[in-house]
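Structure first, then comments.
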2 protein chains.
Amino acid sequence: MNLCKGRSYMDQVNLKKLAKELNLAVSTVSRALRDSHEISSQTKERVRELALKLGFQPNPHASSLRQNKSKTIAVIIPEIENNFFSQVINGIESITPNKGYHVLIYLSHEDYNKERDILQLLGNGRVDGVMISFSNSTTNYEHVEAWQKAGIPLVFFDRTCDELDVPNVMTNDAEMAFKATEHLLKRGCKNIAFLGMAGSLSITNRRKVGYLQALEKFKVTNPPQIVELTSKDYSNREILRQLFEGPSRPDGIFAAIEKFAVNTYEVCKEMDLHIPQDVKVISFSNLQAAALFDPPLSTIIQPAYDIGREAASILFKLIEKKMLLPYEKKMILPSQLIERNSTAITG
Amino acid sequence: MNLCKGRSYMDQVNLKKLAKELNLAVSTVSRALRDSHEISSQTKERVRELALKLGFQPNPHASSLRQNKSKTIAVIIPEIENNFFSQVINGIESITPNKGYHVLIYLSHEDYNKERDILQLLGNGRVDGVMISFSNSTTNYEHVEAWQKAGIPLVFFDRTCDELDVPNVMTNDAEMAFKATEHLLKRGCKNIAFLGMAGSLSITNRRKVGYLQALEKFKVTNPPQIVELTSKDYSNREILRQLFEGPSRPDGIFAAIEKFAVNTYEVCKEMDLHIPQDVKVISFSNLQAAALFDPPLSTIIQPAYDIGREAASILFKLIEKKMLLPYEKKMILPSQLIERNSTAITG
DNA sequence: CTGTTAGCGCGTTCAA
DNA sequence: TTGAACGCGCTAACAG
């Protein structure tokens with residue numbers, strides 16, 4: 001088995017080796033490979049040929065050090081086992097290779113301290129830009145402000161922050177939350193519970209606003225029920241059990257996070273509550289398999305791929321020092337409500 | 001809006017600046033920060049204090065260039081919108097921060113050429129090690145062999161390759177495929193179709209072997225039906241429609257890939273075929289929501305997180321030039337079969 | 001214990 | 001059109 005002794009010095013193909021082989025100066029070779037206009041075309045030809053033959057790849061650390069550019073961006077997300085974030089990464093990756101860029105992934109695991117440490121780690125030129133979706137335990141943005149002074153381009157997506165002057169890419173959360181709640185109300189729900197992520201997430205807040213506006217507009221008499229869940233399935237199920245056993249059992253559930261709809265289904269199954277007869281359920285979700293649930297889950301599908309792609313494009317505009325168009329400073333990509341049987345009208 | 005002019009030279013905190021401020025040599029500062037034994041504790045104290053105060057972070061490119069170490073690994077996967085790979089990344093990330101390592105993610109999109117290009121890109125020291133799960137269009141491993149000569153540590157996981165002398169981490173595919181097929185047979189299926197990924201994927205092959213062995217052991221008279229699907233939902237559904245409309249309609253489906261079970265459910269719904277009455281379905285899958293399907297899907301759950309974690313540990317052993325234990329050269333982590341209603345015995 | 005010097009590989013300035 | 005020299009920031013060898 002190859003025990004990977006590391007590429008020995010002899011194997012290393014670098015500018016010096018090419019130069020020696022071709023009887024040229026290192027700088028000439030460098031310029032030839034960068035297609036400088038001050039090099040004769042025949043010299044370029046010779047250089048390129050040998051470089052190709054020997055499989056020359058410029059050392060990225062030397063380049064980065066010299067040019068103060070890493071050709072790398074970082075993506076910081078709270079978790080990865082989540083279709084939304086996977087699709088976002090896919091969208092980001094639809095841009096980066098063409099730009100010659102590399103993508104570092106960091107997971108905050110919904111932990112403010114990890115998020116802070118990650119940002120700190122990226123301080124000194126490791127990346128040319130950062131995209132971040134905040135953890136649910138992030139309640140202040142000092143870690144970003146401190147870091148922002150370095151002047152490294154930054155874009156927020158989905159779980160954003162309005163307090164800082166940083167470009168945002170997100171979906172029309174409040175509007176879709178309004179529509180989802182309206183959807184439940186029109187199908188006869190009188191007592192709708194909102195399942196949001198604990199903490200002060202921007203998406204939870206925006207979605208909560210839409211929920212409350214709908215209750216108000218339709219003059220719902222039952223008081224709003226805001227339920228705070230977390231990323232832990234076990235405790236979420238316990239909280240939901242109590243909700244359904246409690247005095248004001250909801251007849252409608254609006255889950256602001258996909259995972260919470262899954263938890264709701266699990267608990268309903270366990271408690272023998274029938275969806276949609278006993279309780280109707282709608283959720284923000286990007287799960288293709290939502291249509292296969294029992295019953296099929298009504299969902300609000302976010303344009304996750306597009307969010308990733310647009311956020312990356314904006315980041316590259318910043319990196320390339322291009323001016324942003326006004327709408328790029330706060331970009332809102334619409335979601336889509338898909339009605340299925342979990343919110344069907346019954347008996 | 002901060003247009004990100006880049007950190008100016010004045011803002012840059014580096015060793016030189018610390019040294020000047022402290023009236024010390026650059027090398028002394030460097031050694032103090034690396035806690036060298038040849039520096040007095042009071043000097044260390046002074047240095048650390050100022051470094052903390054100014055928020056000093058060593059320039060990673062300079063370090064990497066000097067030490068020929070990037071503190072970065074690459075993970076190459078065919079796609080990311082797949083629970084299995086998300087969980088693998090989670091497992092990898094459970095190791096890397098402790099090691100002070102960074103993780104670059106690359107997607108091959110099931111494309112051999114992209115895979116080759118990505119490997120090429122990583123040639124010159126950008127990473128200290130690579131973990132790869134092959135694309136389904138990868139039929140030869142020249143791109144890996146060429147690349148392996150650089151001596152950079154490499155680990156294969158899940159979609160592996162036996163032809164090269166590289167450590168592997170995977171699950172007991174053949175055994176679980178045997179069990180899955182046996183499971184269907186014992187529940188009355190006489191004509192089981194195997195849904196595998198087109199191409200010559202190691203996992204498809206291993207799972208196919210288990211399927212065939214079970215058919216043989218149980219002396220099934222109907223000939224095996226090997227169906228080749230792809231990553232495209234649309235064409236998969238078309239192929240499945242033809243399968244179910246065809247002359248030897250299967251009464252059991254063994255999906256080697258989660259996505260194919262979803263496609264099967266979609267087509268069965270569309271064609272009004274009932275699971276498990278008309279056809280029973282079992283699948284390799286890491287989807288938590290499989291239990292919520294209509295009917296709940298019997299699954300073989302792979303230890304994805306552990307595969308990621310173990311593969312990363314092995315990669316770090318290689319990077320740190322430690323000897324591998326024999327079992328680490330080919331590590332097999334067992335999957336688990338979860339029986340649900342999609343394979344229930346019916347009337 | 002600390003300072004001086006050299007060089008990692010590249011890209012750029014200045015000189016020819 | 002090409003070459004020589006320098007420096008990005010850091011670490012390591014050598015010197016004191």
Side-chain angles (χ1 to χ4, degrees), chain A residues 6-48 51 54-71 100 123-126 128 150, chain B residues 6-48 50-51 54-72 100 123-126 128 150:
Chain A
R7 170 179 283 204
S8 71
Y9 180 70
M10 293 307 292
D11 296 355
Q12 194 74 263
V13 187
N14 53 26
L15 288 183
K16 206 200 291 185
K17 177 164 288 183
L18 291 180
K20 190 187 285 179
E21 193 92 5
L22 292 164
N23 254 322
L24 286 170
V26 173
S27 57
T28 307
V29 177
S30 171
R31 275 178 288 212
L33 290 171
R34 316 192 92 239
D35 202 24
S36 163
H37 59 274
E38 41 182 13
I39 299 291
S40 74
S41 49
Q42 59 175 8
T43 302
K44 281 184 189 169
E45 198 57 35
R46 285 178 61 214
V47 172
R48 280 199 277 245
L54 299 187
F56 170 75
Q57 290 271 113
N59 182 307
H61 304 116
S63 289
S64 295
L65 179 59
R66 188 61 178 75
Q67 308 193 104
N68 214 26
K69 267 204 163 295
S70 63
K71 286 285 190 177
N124 218 327
R126 184 175 292 274
D128 297 342
Chain B
R7 171 179 282 203
S8 71
Y9 180 71
M10 292 308 292
D11 296 356
Q12 194 71 265
V13 186
N14 52 26
L15 288 182
K16 205 199 289 186
K17 178 164 286 182
L18 291 181
K20 189 186 283 180
E21 193 93 6
L22 293 163
N23 254 324
L24 286 170
V26 173
S27 57
T28 306
V29 177
S30 172
R31 275 177 288 211
L33 290 171
R34 317 190 91 240
D35 202 25
S36 162
H37 59 274
E38 40 181 16
I39 300 290
S40 74
S41 50
Q42 61 174 9
T43 302
K44 281 183 189 171
E45 198 57 36
R46 285 179 62 216
V47 172
R48 278 199 277 246
L50 186 67
L54 299 186
F56 170 76
Q57 288 270 116
N59 182 308
H61 304 117
S63 289
S64 295
L65 179 60
R66 189 61 179 72
Q67 307 194 101
N68 213 26
K69 271 206 160 294
S70 63
K71 286 285 190 177
T72 306
N124 218 326
R126 185 176 293 273
D128 296 343

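Throughout, protein chains are lettered first and strands after them, A, B, ... in sequence-line order, and every chain is numbered starting at 1. Here the structure is a predicted model, which means the values were calculated and not measured.
- In this structure, B/F56 places its CZ atom 12 Å from C1' of D/dT11, rounding to the nearest Å.
- Regarding A/Q67, its CD atom lies at a distance of 21 Å from the P atom of D/dC6, rounded to whole Å.
- Taking atom CZ of residue B/R34 and atom P of nucleotide D/dA13, one finds them 12 Å apart after rounding to whole Å.
- Neither OP1 nor OP2 of C/dC1 sits under 4.0 Å from any side-chain N or O of B/T28.
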| message | side-chain contact (heavy atoms from CB on, under 4.5 Å), that's the test. Do B/T28 and B/L22 meet it? Break it down for me. | response | CA-CA 10 Å; B/T28 306; B/L22 293 163; over 6 Å; no
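- In this structure, B/L65 places its CG atom 14 Å from P of C/dG7, rounding to the nearest Å.
- At distances below 3.5 Å, not a single donor-acceptor pair connects side-chain atoms of A/K69 with backbone N or O atoms of A/S63.
- Nearest to the side chain of B/L24, among C/dG9, D/dC10, C/dT2, sits C/dT2.
- B/S27 has no side-chain polar atom (N or O) that falls below the 4.0 Å cut-off from OP1 or OP2 of D/dC10.
- Between the CZ atom of A/R66 and the C1' atom of D/dC10 there is a distance of 16 Å, given to the nearest Å.
- Residue A/E38 places its CD atom among more than 12 non-hydrogen atoms of other residues, nucleotides or ligands, all under 6.0 Å distant.
- Contact between the side-chain N/O atoms of A/S30 and the OP1/OP2 oxygens of C/dG11 is found at a separation under 4.0 Å.
- For A/K16, counting side-chain heavy atoms from C-beta on, the closest listed nucleotide (C/dC8, C/dT2, C/dT4) is C/dC8.
- Across the protein-nucleic acid pair, B/N68 atom CG and D/dC10 atom P stand 18 Å apart, rounded to whole Å.
- No side-chain donor-acceptor contact under 3.5 Å links A/S70 to the backbone of A/S64.
- Using a 4.0 Å heavy-atom criterion, one finds that A/S40 contacts the sugar-phosphate atoms exclusively.
- Using a 4.0 Å heavy-atom distance criterion, B/T43 is classed as a sugar-phosphate-only contact.
- In this structure, the CG atom of B/D35 is 13 Å from the P atom of C/dC1, given to the nearest Å.
- Both A/P58 and A/E38 sit near DNA chain C, but only A/P58 has its closest nucleotide nearer the 5' end.
- Using a 4.0 Å heavy-atom cutoff across all strands shown, A/V26 reaches no nucleic acid atom at all.
- At whole-Å resolution of the value, NE2 in A/H61 and P in D/dT11 are 14 Å apart.
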| Between A/R46 and A/L18, does a side-chain contact (heavy atoms from CB on, under 4.5 Å) hold up when you go through it step by step? | CA-CA 10 Å; A/R46 285 178 61 214; A/L18 291 180; over 6 Å; no
